[in-house]
Structure formats: structure tokens, C-alpha cells
Amino acid sequence: MSTERDDSLLLPPVDAGMPGGHGGAAPFTAGGVEGYASARPDGVDDFTDTVDLRPLAEEFAELLAHEHHAPSLGPGDTGLLDDLASWGPVATPVGPFQLVPVRIERDLPLVTRWMNDPAVAAFWNLSGPDATAGHLRAQLEGDGRSVPCLGVLGGVPMSYWEVYRADLDPIARYYPSRPHDTGIHLVIGKVADRGRGLGTHLLRTVADLVLDRRPSCDRVIAEPDLRNTPCLAAFLGAGFRLTGEVELPDKLAALIVRDRCLRWAL
């Protein structure tokens with residue numbers, strides 16, 4: 001199965017249509033902040049789909065450079081996900097990448113725009129101005145078992161992620177969960193970033209980041225809709241394995257797993 005057909009990569013939570021279905025970070029860069037460039041490292045200038053993200057990247061860099069020296073707040077600071085907000089940037093084959101916990105006042109317009117893309121809305125059911133805000137707030141005001149993040153590549157926010165404790169989530173009722181199982185959901189935000197293999201690289205990066213930063217976690221799991229074959233292909237290309245099918249309330253899902261013990265084999 002090809003790993004390049006990641007043109008959807010629209011993996012929603014079990015209860016994506018209902019807010020709370022899963023019920024300051026170290027700085028990333030733009031314009032030379034912390035030594036990274038603001039342009040995408042692959043040389044592709046594709047900031048033309050609906051909005052120019054360069055001013056947003058510069059604003060993010062300024063905010064996060066300030067927050068680097070201040071105590072961070074929010075769900076990423078709880079022990080349930082080993083202080084996700086402090087995980088920092090990592091090198092990838094496509095450039096420096098960082099998970100940055102969402103802040104409503106800064107990020108809601110961008111995430112809402114992505115969720116209103118018809119291709120995304122078909123799987124997430126979060127279109128409309130209020131649905132996305134409610135979904136984010138339910139996580140941010142919760143106990144930290146699910147952390148919504150922006151994926152920032154080369155200084156530019158380009159994807160939305162949810163990292164969550166699968167063993168504490170409703171999904172645990174549908175498969176033989178283990179303590180500290182960690183789940184991930186992903187949306188590649190811009191149409192221009194889909195179908196280029198970016199999703200496969202970033203899924204492997206984030207899964208490995210979870211295993212590196214969460215020593216108690218032995219498995220990273222995901223439950224994409226079986227109809228979303230490009231998404232499945234990207235996960236399988238990123239070292240996940242298909243373990244079966246699960247009938248969830250809103251979809252027939254593939255249960256896919258990246259195991260710590262098989263990390264270097266797949």
C-alpha cells in the first residue's frame with residue numbers, strides 16, 4: 001500500500017461531533033527565532049490556499065519566545081501526558097517540527113478554518129463557528145487527558161493534533177487497552193500540504209516523540225475510519241500495524257498500533 005496517498009489524513013476522535021469526546025511551550029521558530037528559518041525547509045512556498053500564514057508564524061514566534069521563560073499553563077502541564085508542553089522541537093526529514101498546545105485566543109480562527117474544509121468536516125463533524133470552539137474548550141478545561149495541539153513545521157502552523165490517554169478515554173471500552181496507551185488524531189490543515197508524504201513523516205515523528213517522552217507508554221494507537229484509505233496508508237507507512245476493526249458509535253474504525261517493542265522493525 002502506498003504511503004504517499006495521505007491526501008486526507010483527517011483522523012477524528014471517537015466522539016468528534018460532540019465537544020469533549022476526549023475529554024506556554026518551548027519556542028518554535030519563524031524569522032530566525034531560536035535559530036530556525038521562517039520558510040519551509042523543503043523550499044516549497046505554498047502559502048496561497050486561503051490565508052498567508054507568515055504573519056501568523058511571526059506572531060507565534062514572538063509569543064512563544066516570551067513564554068519560553070515563563071511557567072506554562074494548560075492541560076499540557078498535567079502528569080497525564082508527561083508535560084507535553086515541554087516536549088520541544090524535533091528534527092524530521094521535512095524540517096524542524098513541534099507540537100504546540102492550542103490556545104483558544106490565538107488559534108481558534110485557524111483551527112476553525114481547517115475544520116470547515118469540507119474534506120475535514122466529513123470525518124470530524126466540527127464545521128460551524130461554535131462546534132470547533134466547544135470541542136477545544138472541552139479538552140482545555142478538562143483534566144489533561146487530551147491535549148489539542150498545532151503541528152508547527154519550519155515555523156509554520158500546518159496541522160492540528162490531539163494527543164490523548166487512550167486508556168482513560170471512551171475508546172478503551174472498544175479494545176483491550178493497556179495502562180498508558182496513548183492515542184493520536186491528526187488533520188493536515190492546508191490542501192497544498194496533502195498528498196505529498198508529509199503526513200507519513202509526521203505521524204512517525206509524533207509516535208516516536210510520544211514513546212521518547214512517555215517511558216510508561218508502550219503503544220501509540222489510532223482509530224481512523226475504514227473508509228479513509230489514504231489515512232490508513234499513511235499510518236501503515238509510519239510504522240503502525242493494523243490489529244483489527246472496531247465498531248464505534250460513529251464509525252467502523254481500523255484499530256492501528258505502533259508498538260515500542262517493534263519501533264525499530266517497522
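Excluded from the calculations below are hydrogen atoms, water molecules and symmetry mates; all remaining heavy atoms, backbone and side chain alike, are included. A quick note: this is a predicted structure, and the numbers were derived from the prediction, not measured.
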Query raised in the report: Run the side chain to side chain contact (heavy atoms under 4.5 Å, CB included) check on Val187 and Met115 step by step: do they pass?
Result: CA-CA 9 Å; Val187 167; Met115 290 300 177; 4.3 Å; yes
Query raised in the report: If you take all heavy atoms of Cys217 and Val210, which pair is closest and at what distance?
Result: SG-CG1, 4.1 Å
Query raised in the report: Which atom names give the shortest non-hydrogen contact between Ala133 and Ile104, and what distance separates them?
Result: O-CD1, 4.3 Å
Requested in this report: Would you sort out whether Leu136 and Asp107 count as a side chain to side chain contact (heavy atoms under 4.5 Å, CB included), showing the intermediate values?
Outcome: CA-CA 10 Å; Leu136 293 176; Asp107 305 326; over 6 Å; no
Requested in this report: Establish, from distance only, whether the side-chain atoms of Glu162 and Ser146 form a donor-acceptor pair under 3.5 Å.
Outcome: no
Query - Side chain proximity check, Val120 to Trp114, heavy atoms < 4.5 angstrom - result: no
Report task. Would you mind reporting whether Ile184 and Leu203 have side-chain heavy atoms less than 4.5 Å apart? Result -> yes
Requested in this report: Just jot down the side chain to side chain donor-acceptor pair (under 3.5 Å) partners of Arg178, sequence neighbours excluded, or say none.
Outcome: none
Report task. Give a yes or no answer on whether the side chain of Asp167 reaches the backbone of Ser177 with a donor-acceptor pair at less than 3.5 Å. Result -> no
Query raised in the report: Excluding sequence neighbours, so at least two apart, what forms side chain to side chain donor-acceptor pair (under 3.5 Å) with Asp181?
Result: Tyr175, Arg219
Requested in this report: Nearest 0.5 Å please: distance from the CZ atom of Phe97 over to the OG1 atom of Thr92.
Outcome: 8.0 Å
**Report entry** Over all atoms of both residues, closest heavy-atom pair of Leu81 and Gly144
**Finding:** CD1-O, 3.6 Å
Query raised in the report: Which heavy-atom pair separates Leu226 from Ala254 by the least distance, and what is that distance?
Result: CD2-CB, 3.6 Å
Requested in this report: Not counting sequence neighbours, which residues clear side-chain contact (heavy atoms from CB on, under 4.5 Å) with Leu209? List them please.
Outcome: Trp87, Val90, Leu99, Arg213
Report task. Calculate, to the nearest 0.5 Å, the distance between atoms SG and CG belonging to Cys149 and Leu84 respectively. Result -> 4.5 Å
Query - Contact list for residues 140-160, test ring-ring contact (aromatic ring centres under 6.0 Å, His included), sequence neighbours left out - result: Trp124-Tyr160
Query raised in the report: Do any pairs count as a ring-ring contact (aromatic ring centres under 6.0 Å, His included) and have a residue in residues 197-232, sequence neighbours left out, and if so which ones?
Result: none
Query raised in the report: Excluding sequence neighbours, so at least two apart, what forms side-chain contact (heavy atoms from CB on, under 4.5 Å) with Arg227?
Result: Phe123, Asp225
Query raised in the report: Are the side chain of Arg258 and the backbone N or O of Arg241 linked by a donor-acceptor pair below 3.5 Å?
Result: no
Query raised in the report: Okay, side chain of Arg260, backbone of Ser216: is any donor-acceptor separation there less than 3.5 Å?
Result: no
Query - Atom pair CG/CZ of Asp117 and Arg113 - distance to nearest 0.5 Å - result: 11.0 Å
Query raised in the report: Any idea which heavy atoms bring Leu150 and Val102 closest together, and the distance?
Result: N-CG2, 4.0 Å
Query raised in the report: Can you name the residues that form a salt bridge (charged side-chain N to carboxylate O under 4.0 Å, His left out) with Arg263, not counting sequence neighbours?
Result: Asp208, Asp212
**Report entry** By side-chain contact (heavy atoms from CB on, under 4.5 Å) - contacts of Ala253 (at least two apart)
**Finding:** Glu223, Val246, Leu248, Lys251
Report task. Measure up the Tyr164 and His185 rings against each other and bin them: parallel (under 30°), tilted (30 to 60°), perpendicular (over 60°). Result -> parallel
Report summary line: Contacts of Thr112 meeting side-chain contact (heavy atoms from CB on, under 4.5 Å) (sequence neighbours excluded), chain-then-number -> Leu108, Asn116, Thr132
Report task. Mind running side chain to side chain contact (heavy atoms under 4.5 Å, CB included) on Leu255 and Tyr174 for me, showing each step along the way? Result -> CA-CA 10 Å; Leu255 182 66; Tyr174 298 93; over 6 Å; no
Report task. Report the C-alpha distance between Val100 and Trp161 in whole Å, list the side-chain angles of each, state the deciding distance to 0.1 Å, and finish with yes or no for side chain to side chain contact (heavy atoms under 4.5 Å, CB included). Result -> CA-CA 9 Å; Val100 178; Trp161 299 76; over 6 Å; no
Report task. Check whether any side-chain N or O of Thr200 sits under 3.5 Å from a backbone N or O of Ala238 as a donor-acceptor pair, and report yes or no. Result -> no
**Report entry** Leu202 side chain near Val94 side chain, heavy-atom distance below 4.5 Å
**Finding:** yes
Query raised in the report: Charged N to carboxylate O under 4.0 angstrom, Arg165 versus Asp143?
Result: no
Query - Heavy-atom side-chain contact between Asn228 and Pro230 under 4.5 Å - result: yes
Query raised in the report: Is there side-chain contact between Leu140 and Pro148, with heavy atoms separated by less than 4.5 Å?
Result: yes
Query raised in the report: When you check the side-chain N and O atoms of Thr182 and Arg214, is any donor under 3.5 Å from an acceptor?
Result: yes
Report task. Please examine the side chains of Val152 and Met158, heavy atoms only from C-beta on, and report whether any two atoms are closer than 4.5 Å. Result -> no
